[in-house]
Amino acid sequence: MRIILAVILLAAAAWSGYWFIGSNAVERGLRDWFATRAAEGWVVSNTDIHTVGFPNRFDTTISDVELADPATGWAWSAPFFQTLALSYKPGHVIAVWPDTQTVATPLQKIDVQSETMRGSVVLADLNDLTLERTTIEFSDVRLSSSAGWTSALAGGQLALRRTPAAVNSYDAAFDAQDLTLPDEATGLFSRSALIGDTVQRLELDATVVFDAPWDRRAIEQQRPQPRRIELRLARARWGELDLKIAGTLDVDLAGLPTGELTVKATNWREMLTLAQAAGMIPEQLGPLVEGGFAQMAKLSGNPNTLDVPLRFDGGRISLGGVLPLGAAPRLILR
């Protein structure tokens, strides 16, 4: 009996030692990381880093946190940020954001309010913090910009998962409901009777190959850049408008895409009107584009449904490689 009791006490002492050593290591690692960023010229501050959860959890709270990267002009601040992990499974972390936080860009400051915003993060490597997979859920998100616009999102989910398909390849999925557009956008599109001020559904299903893994260097140095995008489906449902896009793009070092996307649009004439109102299609090209789309829609058997290829080449976008539509966007993560 004494031997059994001694074994139990020894095991308890060993586990207690493991927890205190582990919790101190978590806090020391975070303090060192903040100190290194400050030495590199970042604006860094927090009032406390504290870990609780003995004996089975490492639940760490960073209070009054502020991070600003002068190289990119981006900054983030929040009253707190939490990471929650089982002490025997430190590579699986639950991240919790507060209900108020602020994101600043070189152009504006955006106040973010939310009912919930949390994510599950699984790491493949604890030294480099290499991402294996993550799922972030959010609800009742409201945005208010210093530029004067506001927007809201009822809820949604973002997921990213590393795949063996290629080096630095990730499956990405996004699903969001009830996006309320800024007043400027709704005023611009108010001429349409088929839509309101809320986009009912946004969906994305893709595989993206980056030039580097998503790990700690994505924050410390620079964001991994997309080099190939296999878009299985991007979909937006807005009132009676339904837009679907699929295809594959290769992206060069300058961020310019090459490839083809197939666009399927229901009530495409309304979409064309909105695109012209937004300045996405030059006014002088409007009648020409509409005439071409009308002929293509007839071939599909439904004059309200359009199925067309968009070709990306040489920094330009064209309809089927024939009708030029304008400059292609640069796909660069800042």
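Because the structure is a prediction, the values reported are computed rather than measured.
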*Test item: Arg330 side-chain N/O and Leu256 main-chain N/O as donor-acceptor pair under 3.5 Å*: no
*Should the pair Arg217-Glu220 be classified as a salt bridge under the 4.0 Å nitrogen-to-oxygen rule?*
no
*So how far is it from Ser63 OG to Phe81 CZ, rounded to the nearest 0.5 Å?*
12.5 Å
*Indicate yes or no for a side-chain donor-acceptor contact from Arg235 to the backbone of Asp242 under 3.5 Å, with no hydrogens or angles considered.*
no
*Rounded to the nearest 0.5 Å, what's the gap from OG1 on Thr262 to CG on Asp307? Could you check?*
6.5 Å
_Option from Arg232, Arg133, Arg162 for which salt bridge (Lys or Arg N to Asp or Glu O under 4.0 Å) with Asp171 holds_ = Arg232
_Return the OG1 to CG distance between Thr102 and Asp111, rounded to the nearest 0.5 Å._
4.0 Å
*Same cluster (ILVMFWY, side-chain, under 4.5 Å), Val65 and Val96*: no
*SB check Arg118 Glu137 (cutoff 4.0 Å)*: no
_Atom pair CD1/CG of Ile62 and Leu30 - distance to nearest 0.5 Å_ = 5.0 Å
*Judged by atom type as modelled, is there a donor-acceptor pair below 3.5 Å linking the side chain of Ser114 to the main-chain atoms of Val141?*
no
_Approximate separation, where rounding is to 0.5 Å, of Leu204 CG and Leu231 CG_ = 6.0 Å
*asked:* What I want to check is whether the side chains of Ser144 and Thr150 have a donor and an acceptor closer together than 3.5 Å.
replied: no
*So if you build clusters from Ile, Leu, Val, Met, Phe, Trp, Tyr with side-chain heavy-atom gaps below 4.5 Å, do Leu233 and Val199 land together?*
no
Show which side-chain atoms of residues 70-78 pair as donor or acceptor with protein atoms under 3.5 Å away, not counting sequence neighbours.
| from | atom 1 | to | atom 2 | distance (Å) |
| --- | --- | --- | --- | --- |
| Thr72 | OG1 | Asp69 | OD2 | 3.4 |
| Thr72 | OG1 | Trp74 | N | 3.3 |
| Trp76 | NE1 | Gln101 | OE1 | 2.8 |

*Atom pair CG (Asn46) and OG1 (Thr61), whose distance is rounded to the nearest 0.5 Å*: 11.5 Å
*Got a salt bridge between Asp140 and Arg142, using NZ or NE/NH1/NH2 to carboxylate O under 4.0 Å?*
yes
*Got a sec, which pairs hit salt bridge (Lys or Arg N to Asp or Glu O under 4.0 Å) with one end in residues 246-258, sequence neighbours left out?*
Arg228-Asp250
*Shared hydrophobic cluster for Leu331 and Val208 (ILVMFWY, side-chain gaps under 4.5 Å)*: yes
*Look at the side chain of Arg161 and the backbone N and O of Ala173, then say whether any donor-acceptor pair between them is shorter than 3.5 Å.*
no
_Arg57 with Asp59: basic N within carboxylate O range, under 4.0 Å_ = yes
